[in-house]
Protein chains: 2
Amino acid sequence: MTDEAAPGPRRPKRVTHEDIARACGVSRATVSYVLNDVPGRMISDATRELVLRTARELGHVPYAPARMLRLGRSDVVLALVRDFSPGYISNALLRKLDVALAERGFVLLIHRYDESLRSVQELWQLVSPSLVVVMGGLTISEQEGLESAAARVLRVHGTMPNVRIGRMQADHLTARGHRVIGYVLPSEPSLQLIAGERLRGIQEECAALGIPEPVVCTVDPTDMDSVSAALDVFLATEGLTAVATHNDEIGLLLVSALQARGLEAGRDLAIIGVDNIPSARVDLTTVEIDVDLWGDDVVASALALLDDEEPTTISHELLRVIERRTA
Amino acid sequence: MTDEAAPGPRRPKRVTHEDIARACGVSRATVSYVLNDVPGRMISDATRELVLRTARELGHVPYAPARMLRLGRSDVVLALVRDFSPGYISNALLRKLDVALAERGFVLLIHRYDESLRSVQELWQLVSPSLVVVMGGLTISEQEGLESAAARVLRVHGTMPNVRIGRMQADHLTARGHRVIGYVLPSEPSLQLIAGERLRGIQEECAALGIPEPVVCTVDPTDMDSVSAALDVFLATEGLTAVATHNDEIGLLLVSALQARGLEAGRDLAIIGVDNIPSARVDLTTVEIDVDLWGDDVVASALALLDDEEPTTISHELLRVIERRTA
DNA sequence: TTGTAGGCGTTATCAG
DNA sequence: CTGATAACGCCTACAA
């Protein structure tokens, strides 16, 4: 015996095709044909019924590893996230992916990816997914590791028009007469790539319009003091009348910080966020990303990748400014 | 650009031990010994180096399915959640599990479980995890399906002393003189099992103390009208002075609903929640669950299960009432 | 110190 | 219509 080290009571005792075949008095191949409903093969209804019934009675469960080994592919799609509670948008995306993949017989598994805990290669050797979907940003080394290990990778947030988001924020503010604007970056490291793109959009637009570069502050959403400090900087900047934030969460924090000082967003300082998260839907001016449309694109890209085709590119407009009280 | 635009059909072309062995002029066994660092075997340093180097050069990645098939076990632990953004507590638990399992060489994968989308059996045949960890409640049929398919199952929320939570809520309120109390259930179906246990705790305590059964309302946290309706019921109940809620989230909603009517929690109506979530830490009286301790227990149980031992039982006190303004 | 051979459960090919 | 049989990539008892 190989690893008969288990003196304990637990005996997994897998039910194999062999067992079913023996119980039915047929061959393993026949069992496989019936169970997989192979189109070409003609099996008598009697045999088919018998096999199916005994399979159920014996409690046979197809064994994924053997199947994978034989087929050379797995039905697992692995989504890498930085945190178990992803934001509003990622959440919606994951949901869409989940049901779309389920329809195609794939299963979506989420893994909190922490490079310090385990490398991409190790991860790959533990699960062998058909596709890796990366939610959020990625450091250079992470990206390299991934590309070398996994055959198919979809970088979701790479498909988002981040630069355009920044430009739209800037456009909206300047169109309303603001000339000196601020920008709030999130401190979260994994967001830096994305945030950088958005900031670049703002900077490009400012340059194009001949107005000063935005004043940039970094904020940790879990630390209200950092928000307050950023507000200090903005209020102290000569002529600054508007602030664009990396997302609505930060935008809302800024609104609160203003209120705490007896100031009002929109009157004393214009604020524009990104995402149109539910809790922002009363007050906050924001750039809305059409999650539904974007989700469709993401799903399409994922399915294309699984079929070894080119991922689709975004063709339609995903972005829209929603004007509310704060700007 | 997501990926290197492969012109032709992508040929994965797996690098196997065979390839490495041939390139090195040794046998497959030797390669395996080196790669797995088998203790008993003595391999010359020269051979070892050679094998390791060529393995790296060829870009060999161990193939999980083959490994699983041979070893008869997988290094995957599957956590079933109802929603991609689990609550504060589940989140903390998942985090703890994640790092603990990583240390033992397991990988924690999260799956949003939706019985209407896919049965447990199907799920099992797609991933074949060593252990299934169920976060949150489970319907009867789900539970049965799981037990028949998966060898090892850990029902996390089954380990929580829900009845005691209810009793502590009731104790706290009655100790402060309240005689007629209300209870708010969440509408979420998957929480019903848990919520039922907590309610039972309250009911038992009320019976023991000889006070009336609690007035029960059901609330959907995403629907403020349902909260308002529940408040109507409570305010209309003769002599009702306190309400216990299934969790802090609902408790906070109730506080807001009171405020909206110009009433004040703690003065006009006592409110006690469960969880001590961050946003409740200013005002809300609550039953705190020591997530850290509980997490340790959950981790211990998981590891025990993986070692085919009996899961540990909770021995220490996890609960504590935190008294704040609202009760 | 290294090589040989067999098998884990499945599916596919090829005979009967 | 059905039954042997050969892989898939990996691990390990045993032989050399």
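Below, chains carry the letters A, B, ... as their sequence lines are ordered, and counting in each starts from 1.
- Between Lys96(B) and Asp292(B) a salt bridge is recorded (basic side-chain N to carboxylate O distance below 4.0 Å).
- The pair Arg95(A)-Asp98(A) does not meet the salt-bridge criterion, since no charged nitrogen lies less than 4.0 angstrom from a carboxylate oxygen.
- Proximity of Ser44(B) to the phosphate of dT2(C): a side-chain N or O atom is located under 4.0 Å from OP1 or OP2.
- Remark: Glu103(B) CD to Leu117(A) CG distance equals 8.0 Å, nearest 0.5 Å.
- Distance Glu49(B) CD to dT1(C) P: 16 Å, rounded to the nearest Å.
- Side chain of Arg152(B) to main chain of Ser130(B): a donor-acceptor pair is present (N/O by atom type, distance under 3.5 Å, no hydrogens or angles).
- Projected onto DNA chain C by closest heavy-atom contact, Thr47(B) and Ala66(B) fall at different nucleotides, the more 5' of which corresponds to Thr47(B).
- Regarding contacts with the backbone of dG9(C), every side-chain N or O of Arg28(A) stays at 4.0 angstrom or more from both OP1 and OP2.
- Taking only side-chain nitrogens and oxygens, Thr30(B) never comes nearer than 4.0 Å to OP1 or OP2 of dT2(C).
- Applying the 3.5 Å distance criterion, the base of dC8(D) shares no donor-acceptor pair with the side chain of Arg70(A).
- Among the nucleotides dT2(C), dC10(D), dT11(C), the one closest to any side-chain atom of Ile43(B) is dT2(C).
- Atom pair Arg22(A):CZ and dG9(C):C1' shows a separation of 13 Å (rounding to whole Å applied).
- Salt bridge status for Arg53(B) with Glu49(B): absent, with no side-chain N to carboxylate O gap under 4.0 Å.
- Here the C1' atom of nucleotide dA12(C) and the CG atom of Leu69(A) are 14 Å apart, to the nearest Å.
- The distance between atom CG of Leu71(A) and atom C1' of dC8(C), rounded to the nearest whole Å, is 16 Å.
- Between dG3(C) and Ser27(B), a contact under 4.0 Å exists linking OP1 or OP2 to a side-chain N or O.
- Dashed line: the shortest gap from a side-chain N or O of Asn36(B) to OP1 or OP2 of dC10(D) is not under 4.0 Å.
- Contacts of Val26(B) with the nucleic acid, taken as non-hydrogen atoms under 4.0 Å apart, involve only primed sugar atoms and P, OP1 or OP2.
- In this structure, Tyr63(B) places its OH atom 10 Å from P of dC10(D), rounding to the nearest Å.
- In this model, a donor atom of one side chain and an acceptor atom of the other lie less than 3.5 Å apart for Asp297(B) and His316(B).
- Nucleic acid contact for Ser32(B): base, since at least one base atom lies under 4.0 Å from a heavy atom of the residue.
- Here dA12(C) presents its P atom at 13 Å from CG of Leu35(A), a figure rounded to the nearest Å.
- At whole-Å resolution of the value, CG in Asp19(B) and C1' in dC8(D) are 13 Å apart.
- As a whole-Å value, the separation of Ile20(B) CD1 from dC10(D) P is 8 Å.
- When the side-chain nitrogen and oxygen atoms of Thr16(B) are compared with OP1 and OP2 of dC8(D), none of them lie within a distance under 4.0 Å.
- Looking at heavy-atom distances under 4.0 Å, Pro65(B) makes no contact with the nucleic acid at all.
- Nearest nucleotide to the Ala29(B) side chain, out of dG6(C), dG3(C), dT10(C): dG3(C).
- Candidate nucleotides dC10(D), dG3(C), dG9(C) were compared by shortest atom distance to the side chain of Tyr33(B), and dG3(C) ranks first.
- Listed candidates were dC10(D), dT10(C), dT2(C). Nearest to the side chain of His17(B) is dC10(D).
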